[in-house]
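I have placed the structure first, in the form of structure tokens, so that the comments after it can refer back to it.
Both backbone and side-chain heavy atoms feed into the values below; hydrogens, waters and symmetry mates do not. Chain letters run A, B, ... following the sequence lines, proteins first, then strands; residues in each count from 1.
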Protein chains: 2
Amino acid sequence: MHLALLDHMRKYVTITDEEATLICTKLKASTLKKKDFLLQPGKVCRANYFVSKGLLRLYFINKKEQEQITQFGLEGWWITDYDSLDTQKPSRFYIQAVEDAEVIAWDKTVQEELTQSFPQLETYFRKILQRAYAAAQRRIEYIYSYSDEERYRNFSTNFPGFVQRVPQYMLASYLGFTPQFLSKIRAKK
Amino acid sequence: MHLALLDHMRKYVTITDEEATLICTKLKASTLKKKDFLLQPGKVCRANYFVSKGLLRLYFINKKEQEQITQFGLEGWWITDYDSLDTQKPSRFYIQAVEDAEVIAWDKTVQEELTQSFPQLETYFRKILQRAYAAAQRRIEYIYSYSDEERYRNFSTNFPGFVQRVPQYMLASYLGFTPQFLSKIRAKK
DNA sequence: CGATTTTTTGAATCATATCAACGTACGTGG
DNA sequence: CCACGTACGTTGATATGATTCAAAAAATCG
């Protein structure tokens, strides 16, 4: 039984215990060691991953040959390259464990099979996507509203625990500036 | 009958003619004159809008009191403030017609009613959202990969027709820089 | 046509990047 | 469990891309 996932789903839709049992037989959990990869460029993304423990990051190598993090996956979030998952074309992204982690893989094939039988799963995923999309819109809004320094300060007051959990250079990458600049901001008091 | 919308939906899911008739009775089309608003800050967003003709923009007023466009809505795209629509809290956004336009309003109440009866609608909206979310992810990827000038040049080679359709200052706003800077880029040949 | 909206131009300024060097911490194997 | 090597963080000097402000020129609309 994948309790963390079931709890999460039941916040959005109704699932009976029998349904839960059946769904869970289709899913497999994996444990990841820090720095293990779930996805690498060139590979086709086969699943959507629910993070039940630990922390992952989704990143790519940009034009300047630098790692650019576009998303973190904390406990209770889904992480995947939807583009590759949907089109089954090779990904340009890495998904990697930042800390030891545990994920539940929801395969594309399982997705198609299960949503056939359980329409409320379709509702669940629509709601999850809606939340993810709203978050992405807010992120774009943020990028365009605030300077890099302001974004760092907002971020660390809003997520103080998270800031301590990741190396600074990853935070800088996620926020879209250099580690040196982050260091200088922090030095300013 | 809202043919543009039906065509669009049938690219993603199967809808019989009877279903189509029933669905269409729940929807209403509106025509908008250039500069008309579908949503303004402080109001609660009641619908998701399918753009069947013309061009809309979604924007907000940022910290520097400037209009910041976060999204355009072209023919065949949906546009809304998902956050306000979902939570029924007041929006911070404007949705406005850039050109004379026609939209089909898909009310939140209609959404709940229709997806009850037609599960494939849930699938349709999940797929639409997945596409929108993938686009938002790609946009963030772009912002972090290229300089403002590079982003403008990519954008205008990828969407040459679109660039001619909107005033330059809106394009600058969407791409996240000043109209003056856009003008200088263009002057450079 | 006049009024408004949009675009252009130039000079001064600012936020952030880059490079390079040095300091610190940390985990891994002996 | 210590020492070493690698990964991470800091600092300062210099460079750059983009903004701001102000004014004029051009385009569009009623």
Please tabulate, one pair per line, all N/O donor-acceptor pairs under 3.5 Å involving side-chain atoms of residues 171-178 of chain A, not counting sequence neighbours.
unit_1   : atom_1 : unit_2   : atom_2 : d
A:Ser173 : OG     : A:Glu67  : O      : 3.1
A:Ser173 : OG     : A:Ile69  : N      : 2.8
A:Thr178 : OG1    : A:Phe181 : N      : 3.2

Could you please spell out the steps behind the side chain to side chain contact (heavy atoms under 4.5 Å, CB included) verdict for A:Leu38 and A:Phe93?
CA-CA 10 Å; A:Leu38 272 181; A:Phe93 294 95; over 6 Å; no
Test ring-ring contact (aromatic ring centres under 6.0 Å, His included) on B:Trp77 and B:Phe72 and set out the steps.
CA-CA 9 Å; B:Trp77 285 82; B:Phe72 287 108; over 10 Å; no
Strictly under 3.5 Å: I want the nitrogen or oxygen pairs between protein and nucleotides 7-9 of chain C, one per line.
unit_1 : atom_1 : unit_2   : atom_2 : d
C:dT7  : OP1    : B:Gln168 : N      : 2.8
C:dT7  : OP2    : B:Gln168 : N      : 3.3
C:dT7  : OP2    : B:Tyr169 : N      : 3.0
C:dT8  : OP2    : B:Gln168 : NE2    : 2.9
C:dT8  : OP2    : B:Ser183 : OG     : 3.0
C:dT8  : O5'    : B:Ser183 : OG     : 3.1

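The nearest whole Å value for the distance from the CD atom in B:Gln164 to the P atom in C:dT6 is 18 Å. As rounded to whole Å, 18 Å separates atom C1' of C:dA15 from atom OH of A:Tyr146.
In the helix from C:dC1-D:dG30 to C:dA21-D:dT10, the terminal helix axes, each the rotation mapping four pairs' C1' atoms onto the next four within five end pairs, subtend 50°, rounded to 10°.
Between the side chains of A:Gln120 and B:Glu122, no donor-acceptor pair is found at a separation under 3.5 Å.
Residues forming a salt bridge (Lys or Arg N to Asp or Glu O under 4.0 Å) with B:Glu18 (at least two apart in sequence, or on another chain): none. In this structure A:Ala4 satisfies the side chain to side chain contact (heavy atoms under 4.5 Å, CB included) test together with A:Phe50, A:Ser52, sequence neighbours excluded.
Other residues, nucleotides and ligands contribute over 12 non-hydrogen atoms within 6.0 Å of the CD atom of A:Glu150.
From the 5' end on, the contacts that DNA chain D makes with chain B at under 4.0 Å to a non-hydrogen atom open and close at D:dA18 to D:dC29.
For A:Tyr94 and A:Phe60, the ring centers are positioned 6.0 Å apart or more.
Here A:Thr178 reaches the OP1 or OP2 of C:dA17: one of its side-chain N or O atoms lies under 4.0 Å away.
Note: the hydrophobic cluster containing B:Val163 also contains B:Val98 (ILVMFWY, side chain heavy atoms under 4.5 Å, direct or indirect links).
A:Lys34 comes within contact range of no nucleotide atom at all, as no heavy-atom separation falls under 4.0 Å.
Both tests pass for B:Arg57 against the ring of B:Tyr59: distance under 6.0 Å to the centre and angle within 45° of the axis.
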